[in-house]
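Notes follow once the structure below has been shown.
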There are 2 protein chains.
Amino acid sequence: MTIKEVSEKYDLSADTIRYYERIGLIPHVPRKENGIRDFDEAACGWVEFSKCMRSAGVQVEALIEYVDLFFKEGTEAARKEILIEQRARLQEQYEQLKATMDRLDYKIAHYEEIMAKNCPHLKS
Amino acid sequence: MTIKEVSEKYDLSADTIRYYERIGLIPHVPRKENGIRDFDEAACGWVEFSKCMRSAGVQVEALIEYVDLFFKEGTEAARKEILIEQRARLQEQYEQLKATMDRLDYKIAHYEEIMAKNCPHLKS
DNA sequence: TTAACACTTGGAGTTGACTTCAGGTCAATA
DNA sequence: TATTGACCTGAAGTCAACTCCAAGTGTTAA
């Protein structure tokens with residue numbers, strides 16, 4: 001697969017994918033003889049994984065570290081640690097998100113109320 | 001209250017609070033004769049609100065617009081729209097977060113398994 | 001065969017959200 | 001009275017994460 005196809009498949013710009021490879025957020029992508037990237041299933045998998053993690057807000061730094069460890073043997077414990085820490089971060093984000101959503105719901109309901117009062121023709 | 005007290009109360013740097021005021025993310029804070037900020041309850045409320053919204057990821061831009069409308073009459077519908085849109089954004093973030101957390105759980109479980117296998121002394 | 005196009009690289013530029021700095025005022029304390 | 005410390009302002013700097021650009025190569029279509 002070309003970078004364009006992968007870009008369309010995962011809705012990430014080709015520049016972003018190249019950038020991810022450059023900084024090591026995804027492993028080196030195989031090339032054809034002429035140097036053009038030729039994504040195999042594994043490379044696609046990494047793109048998909050990084051997209052999922054990034055769009056949830058997992059930091060680039062943590063992903064780079066994970067990918068780096070991935071190619072070294074005997075790093076399972078360290079990789080697991082990274083995942084656990086990132087999972088905890090997302091949990092915190094989730095709590096914050098939930099609290100804020102509740103608050104927005106409350107405020108929105110408040111505006112509903114105000115607007116009902118200010119529209120006398122609605123109270124038939 | 002001084003900016004320092006407010007900064008400690010809400011765990012936001014004084015610089016951030018001044019920045020928020022400058023860009024209109026919180027309304028103008030009352031001053032003493034000498035020009036020093038003197039936060040009253042309303043000003044504190046705005047700081048707390050902005051902190052809550054920002055830490056959930058609501059964009060600065062949307063909050064500025066909201067604060068701006070807040071001081072104009074007859075803008076209730078517009079304000080409500082902003083809140084609804086931001087609420088929808090958070091909902092999306094939430095879905096993404098949940099999917100990614102599930103995925104991390106799955107991967108973490110996978111590492112548990114691998115590590116159990118690679119530690120024969122644990123299987124008594 | 002020449003133009004158009006998709007790709008390559010290294011590096012520079014942009015964006016959003018702060019954060020730091022320089023230079024100044026003012027109140028209180030040694 | 002001099003200096004310390006908290007505050008002020010406007011402007012410049014930083015950081016993460018892209019995003020765009022210039023200059024070049026290789027393949028396809030007119």
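Because the structure is a prediction, the values reported are computed rather than measured. Every chain is numbered from 1 and lettered A, B, ... according to where its sequence line falls, protein lines coming before strand lines.
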Ring centres of A:Phe70 and A:Trp46 under 6.0 Å apart?
-> yes
Mark yes or no for whether [X], through its side chain, and [Y], through its backbone, hold a donor-acceptor pair below 3.5 Å.
| X | Y | result |
| --- | --- | --- |
| B:Asp38 | B:Met1 | yes |
| A:Arg31 | A:Val29 | yes |
| B:Thr75 | B:Ala78 | no |
| A:Ser7 | A:Ser13 | no |

Between D:dA16 (C1') and A:Arg89 (CZ): distance, integer Å = 14 Å
Are any of A:Tyr20's side-chain N or O atoms less than 4.0 Å away from OP1 or OP2 of D:dC18?
-> yes
By a strict heavy-atom criterion of less than 4.0 Å, which residues belonging to residues 22-42 of chain B are in contact with DNA chain D?
-> B:Arg22, B:Arg31, B:Gly35, B:Ile36, B:Arg37
Distance from B:Gln93 atom CD to A:Gln96 atom CD, nearest 0.5 Å?
-> 11.0 Å
Relative to each other, are the rings of A:Tyr111 and B:Tyr66 parallel, tilted or perpendicular (30° and 60° limits)?
-> perpendicular
Between its two end axes (five pairs each) the helix from C:dT1-D:dA30 to C:dA30-D:dT1 turns, nearest 10 degrees, through 20°
Residue mapping more 5' on DNA chain D - nearest nucleotide basis, B:Thr2 or A:Val60 | B:Thr2
With a 4.0 angstrom cut-off to heavy atoms of chain A, pull out the first and last contacting nucleotide of DNA chain C, in 5'-to-3' order.
-> C:dC7 to C:dG11
